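Here's the structure, in structure tokens; my notes come after.
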Amino acid sequence: MHTGCSSDQVAILSERVSIHGQWSSRLMFVLAATGSAVGLGNIWKFPYITGENGGGAFVLVYLLSIALIGIPIMVAEVSIGRRGRQSPVNALRALAQDDGGSRFWWLVGFLGIVTCLLILSFYSVIAGCALAYVLRTAGGVFRGVTASGAESIFSGLISDPEKLLAWHTLFMIMTLGVVARGVRSGLEQAVRFLMPMLFLMLLLLVILGYQLHFESFMKGVRFMFLPDFDALTANGILVAMGHAFFTLSLGMGAMMVYGSYLPAGISIFRASFFIALVDTLVALMAGLAIFPMVFASELGTGSGPGLIFQTLPIAFGQIPGGRWVGTLFFVLLVFASLTSAISLLEPAVAWLVENRGIQRIRATVLVGSVSWVLGVITILSLGPWAFGFQFAGESRSKGLFDIMDVLTSVIMLPVGGLAVALLAGWVLSRARTVAELGGREGVAFWLWYLTIRYVTPVSLIAVFLHAIGVI
Ligand code: PFF
């Protein structure tokens with residue numbers, strides 16, 4: 001394959017080989033990485049945090065974060081992964097040492113593993129709810145359902161620890177099954193078919209919303225795209241920025257580990273741009289499918305994590321054939337969650353295989369079990385151990401679930417991302433980075449390099465300082 005590198009540049013390209021294998025083609029990398037990026041973050045989380053943070057202005061900050069922080073960090077993570085050809089912990093240590101930096105950069109990889117496990121624990125609980133909704137929709141539970149009916153069906157599920165535990169466990173077993181059977185055989189094939197289906201389903205829901213309730217559809221569009229800067233708080237900016245990491249699977253090594261299986265000679269710039277574009281489109285479409293329904297049913301935009309589970313069933317209950325459209329939708333949502341969940345396991349699994357010599361299947365079960373136990377705590381915190389606190393001006397009371405979310409998305413991911421930006425922009429050898437990124441110091445390279453060196457770290461630090469009231 002043509003790499004676009006001169007012979008000198010080839011000489012400084014990494015000679016490392018991954019012990020875990022490689023993606024079979026560029027398409028497979030792009031599909032797997034898009035599968036990791038597109039998930040509950042787009043369809044469940046983006047609409048509810050947009051609703052809680054006032055709409056348009058929040059969406060604008062989110063889009064800016066994707067462009068100025070997300071895409072540059074994705075390029076950095078994938079290129080570090082490909083050059084290192086190991087799990088993030090080992091790749092970060094090796095590259096920093098090769099280029100004269102401290103060996104303690106491995107700590108960033110380790111922080112990533114901890115973040116992945118924490119995220120997977122609650123991710124699996126929400127994906128479990130989506131699984132439960134497959135059965136409920138197929139069973140016709142939502143036919144003609146009202147807003148308050150949908151609300152009580154959801155709260156019935158969320159406050160029943162036994163049911164949640166069963167669904168959480170089932171989802172975790174599905175995830176472990178996929179990872180243990182190997183990514184190439186089952187997953188690559190499925191992603192190729194199911195991701196476009198999910199995209200089409202969302203499009204269908206947007207069109208349905210437009211046809212069923214035109215007025216509410218336009219209200220939804222205005223809510224999402226007309227920025228009202230008075231509704232944007234310092235906290236909202238922080239949440240938007242944190243979500244850019246969450247939705248693109250950045251700041252914890254997931255993209256880095258996928259990059260470590262990427263064959264040489266494939267353009268990291270192009271692949272990253274494409275992944276971010278698809279991810280953003282899916283999130284915006286999910287918002288356009290959900291907000292018209294929120295306005296049509298007079299539900300509040302700030303109802304939090306239950307938003308999609310309370311709004312979409314109303315739509316499915318109203319349209320002819322909604323039972324089957326709804327079932328298919330939740331099946332696809334489960335699938336999108338699965339392709340994300342497996343990437344949350346991968347950094348830890350790869351590290352255990354490399355450093356502890358544990359077989360892949362055992363490592364998968366070990367990491368999955370830790371996350372499963374943490375998930376049980378999340379479940380208990382939604383029911384028997386529930387506690388809540390409400391800050392002035394907030395629409396709902398918050399609990400352990402929200403603490404985990406803030407700890408991971410708003411603190412740990414941006415900190416991990418900042419470290420990657422500093423490493424790529426200031427520590428690693430520019431010549432080697434150029435070689436990894438296609439061999440030419442062209443416009444694309446310089447745009448990226450200046451952004452990762454200055455714009456990304458400065459914006460990240462400024463948002464943090466703003467949030468704690470320093471600027
Ligand atoms: N990007 C996924 C989503 O938006 O649902 C979530 C996620 C997957 C976060 C993998 C982090 C990760 F490593």
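Counting convention: from 1, in listed order, for ligands and their atoms alike. All of these numbers come straight from a predicted model, not from anything done at the bench.
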_Non-neighbouring partners of Asp99 that pass salt bridge (Lys or Arg N to Asp or Glu O under 4.0 Å), sequence neighbours left out_ = Arg83, Arg432
Where does ligand 1 get N/O contacts under 3.5 Å from the protein, atom by atom?
residue	atom	partner	partner atom	Å
ligand 1	1 (N)	Ser36	O	3.1
ligand 1	1 (N)	Ala37	O	3.0
ligand 1	1 (N)	Phe246	O	2.8
ligand 1	1 (N)	Thr247	O	3.1
ligand 1	1 (N)	Ser249	OG	3.0
ligand 1	4 (O)	Ala37	O	3.0
ligand 1	4 (O)	Gly41	N	3.4
ligand 1	4 (O)	Asn42	OD1	3.4
ligand 1	5 (O)	Leu40	N	3.1
ligand 1	5 (O)	Gly41	N	2.7
ligand 1	5 (O)	Tyr123	OH	2.5

*Strictly under 6.0 Å, is that where the ring centroids of Phe309 and Trp44 end up?*
no
*According to the side chain to side chain donor-acceptor pair (under 3.5 Å) rule, which pairs have a member within residues 108-127, sequence neighbours left out?*
Tyr123-Ser340, Ser124-His168
*Relative to the ring of Phe329, is the ring of Phe316 parallel (under 30°), tilted (30 to 60°) or perpendicular (over 60°)?*
tilted
*ring pair (Phe, Tyr, Trp, His ring centres under 6.0 Å) partners of residues 340-365, not counting sequence neighbours, each pair once*: Phe110-Trp351
*Out of Phe223, Tyr210, Tyr48, which residue meets the ring pair (Phe, Tyr, Trp, His ring centres under 6.0 Å) rule with Phe291?*
Phe223
